[in-house]
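All remarks here apply to the structure that follows.
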Amino acid sequence: LERARSEAAVSEQVSDYLVSLFEAASPEESGGAPIEPRKLVDLGHQALQKHFGKEPQVRARMLGMLGRVYCVMGHTEECRRDIEEALALDGEHPNGNPAVRAKFIFDLSDSQIRAGRYDLAEHSLRQAARLLQEGDVPADSERSIEVQSSLGYVLRALQKPQQSIAVLEALQRTLAAAGQGADSQPAFEALGSLALSYQEAGRTDEALALSQKTVDRVREVLGPDNIQYLYQLDYHGYLLYVSAHYTEAEAARRELLARYEKLYAPTSYHVTPARNNLAAALRQLGRVREAVPLFRRVIADERSAGAPD
């Protein structure tokens, strides 16, 4: 009961703080000038010590929140800094919530993944999984699912495909037992990741069959314009390409590029890689005349975005 009351009080203060951040961006407060997202978050960070210097639990929660926002904006170092400080503050609290601490550690793993430190991310994710178990968080909860799904991805990035497969197959069994089955978004994400791990383990036929089944099912359930379908189509195109099924890979990548171009700017980080991947498939098919203009467009877009030659 004491923990529940403490959580409610902290949540209320965090909510009030979030409202104050957005109020700072209002025309009345900013004089009508728009405030850049990064500046808004920086202002919120500066205000923490002033308002919550003597409330470590509240400060920890807010630092964790701000760290996550920094991660989403691509500011990995600031993300890591704030979440590590949040963890240190949370560790000082005698009645800390394991599930909250697990959330901090999961977000820390995200910053580690973005920095390419998959070894650190594996350690963090396993620690988060243990904390969720200690906190009696159900294995089929959203938090548990995202931790296990990320762990499967990280293990594959560390070239541990067998361990990745074990984690992701266990997750699939958990989802099936919980009745979420193959038609939930967490299941779709885990299936796509599992197909990639099968490929890494040399189980190419299983990878392609599972990937094709997932793409078809996502399209049927969510529709061809859903972002989850596009992610799965991207995975499938990659698997087809590395398996030397270049004709099928070209078709998948052409569809992906067309759909991305409807959703994103021509030079976005979605469109440019999709264009490059289509060009690569065309080159493998010997269709160089079609591939060259696409490669040239990719180079021009990268240069316009400030990428070095």
Side-chain angles (χ1 to χ4, degrees), residues 74 76 113-116 118 152-159 161 164 168 188-309:
T76 305
I113 290 170
R114 291 169 186 262
Y118 298 108
Y153 164 75
V154 164
L155 289 168
R156 184 173 66 253
L158 288 169
Q159 298 183 331
S164 174
L168 293 169
F188 289 144
E189 292 172 353
L191 281 171
S193 189
L194 180 57
L196 293 172
S197 294
Y198 282 155
Q199 172 67 28
E200 290 291 323
R203 296 162 62 175
T204 302
D205 290 345
E206 290 174 88
L208 289 172
L210 178 59
S211 180
Q212 184 67 67
K213 178 181 178 181
T214 305
V215 166
D216 292 344
R217 189 59 180 162
V218 174
R219 183 184 179 101
E220 180 182 348
V221 174
L222 301 178
D225 294 321
N226 186 279
I227 193 65
Q228 185 61 226
Y229 172 71
L230 301 184
Y231 290 157
Q232 297 299 331
L233 186 62
D234 194 8
Y235 297 157
H236 190 53
Y238 166 78
L239 289 171
L240 289 165
Y241 183 85
V242 298
S243 304
H245 294 274
Y246 299 123
T247 300
E248 295 89 340
E250 186 264 337
R253 289 178 164 183
R254 188 175 294 279
E255 179 187 352
L256 183 68
L257 176 59
R259 293 191 182 280
Y260 273 159
E261 286 179 324
K262 292 180 180 179
L263 295 174
Y264 302 106
T267 58
S268 76
Y269 68 91
H270 286 92
V271 173
T272 299
R275 183 176 288 114
N276 186 72
N277 290 341
L278 173 58
L282 289 167
R283 182 183 59 188
Q284 291 292 344
L285 289 168
R287 294 159 60 180
V288 178
R289 290 180 181 273
E290 295 176 70
V292 167
L294 293 173
F295 280 131
R296 287 176 174 164
R297 173 68 183 277
V298 169
I299 293 170
D301 289 344
E302 290 289 332
R303 284 175 174 168
S304 69
D309 289 333

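Hydrogens, waters and symmetry mates play no part in the numbers below; they use all other heavy atoms, side chains included.
Here the CG-CG distance, from L230 to L222, works out to 10.5 Å after rounding to the nearest 0.5 Å. Rounding to the nearest 0.5 Å gives a distance of 14.0 Å between OG of S193 and OH of Y231. Taken from CG in L256 to CD in E261, the straight-line distance is 10.0 Å, to the nearest 0.5 Å. In this structure, I227 CD1 and D234 CG are separated by 9.5 Å, a value rounded to the nearest 0.5 Å.
Ion pairing between D225 and K262 fails under the 4.0 Å rule for side-chain N and carboxylate O. Salt bridge status for E250 with R253: absent, with no side-chain N to carboxylate O gap under 4.0 Å.
In this structure, Q232 and Y229 have side chains that are not in contact, with every pair of non-hydrogen atoms separated by 4.5 Å or more. Residues Y238 and N277 form no side-chain contact, since every pair of their non-hydrogen atoms from C-beta on lies 4.5 Å or further apart. Looking at L155 and Y118, their side chains never come closer than 4.5 Å, going by heavy atoms from C-beta outward. Inter-residue side-chain proximity for Q284 and Y241 is flagged as met; some heavy-atom pair is nearer than 4.5 Å. R275 is listed as a side-chain neighbour of D301, based on a closest heavy-atom distance under 4.5 Å. At a threshold of 4.5 Å between non-hydrogen side-chain atoms, the residues R156 and P161 do not count as touching. The shortest distance between side-chain heavy atoms of V221 and F188 falls below 4.5 Å.
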Stepwise side-chain contact (heavy atoms from CB on, under 4.5 Å) test for N276 and L294: CA-CA 7 Å; N276 186 72; L294 293 173; over 6 Å; no

Begin with the C-alpha distance, continue with both residues' side-chain angles, and end with the deciding distance and a verdict on side-chain contact (heavy atoms from CB on, under 4.5 Å) for L208 and H245. CA-CA 10 Å; L208 289 172; H245 294 274; 3.7 Å; yes

Apply side-chain contact (heavy atoms from CB on, under 4.5 Å) to I113 and Y153, showing your working. CA-CA 10 Å; I113 290 170; Y153 164 75; 3.9 Å; yes

Step-by-step salt bridge (charged side-chain N to carboxylate O under 4.0 Å, His left out) determination, E255 to R219: CA-CA 13 Å; E255 179 187 352; R219 183 184 179 101; 3.1 Å; yes

Determine, stepwise, if the pair Q199 / S211 fulfils side-chain contact (heavy atoms from CB on, under 4.5 Å). CA-CA 10 Å; Q199 172 67 28; S211 180; over 6 Å; no

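Every pair passing salt bridge (charged side-chain N to carboxylate O under 4.0 Å, His left out) that includes a residue from residues 195-204 is listed here, sequence neighbours excluded: R203-E206.
In terms of heavy-atom proximity, L239 sits nearest to A207 at CD1-O, 4.0 Å. The two residues L282 and A291 make their nearest non-hydrogen contact at CB-CB, 4.0 Å. Looking at every heavy atom in both residues, G192 comes nearest to T214 through N-CG2, 4.5 Å. What you find for P266 and T272 is that their closest heavy atoms are O-OG1, 4.0 Å. For the residue pair Y260 and V271, the shortest heavy atom distance occurs at O-CG2, 3.8 Å. Of all the heavy atoms in S197 and L168, the pair that sits closest is OG-CD1, 3.9 Å.
Residues forming a side-chain hydrogen bond (donor to acceptor under 3.5 Å, both in side chains) with R287 (at least two apart in sequence, or on another chain): E290.
Atom CZ of F295 has more than 12 neighbouring heavy atoms from other residues, nucleotides or ligands inside a 6.0 Å radius.
Using a distance-only test at 3.5 Å, with no hydrogens or angles considered, a donor-acceptor pair links the side chain of S268 to the main chain of H270.
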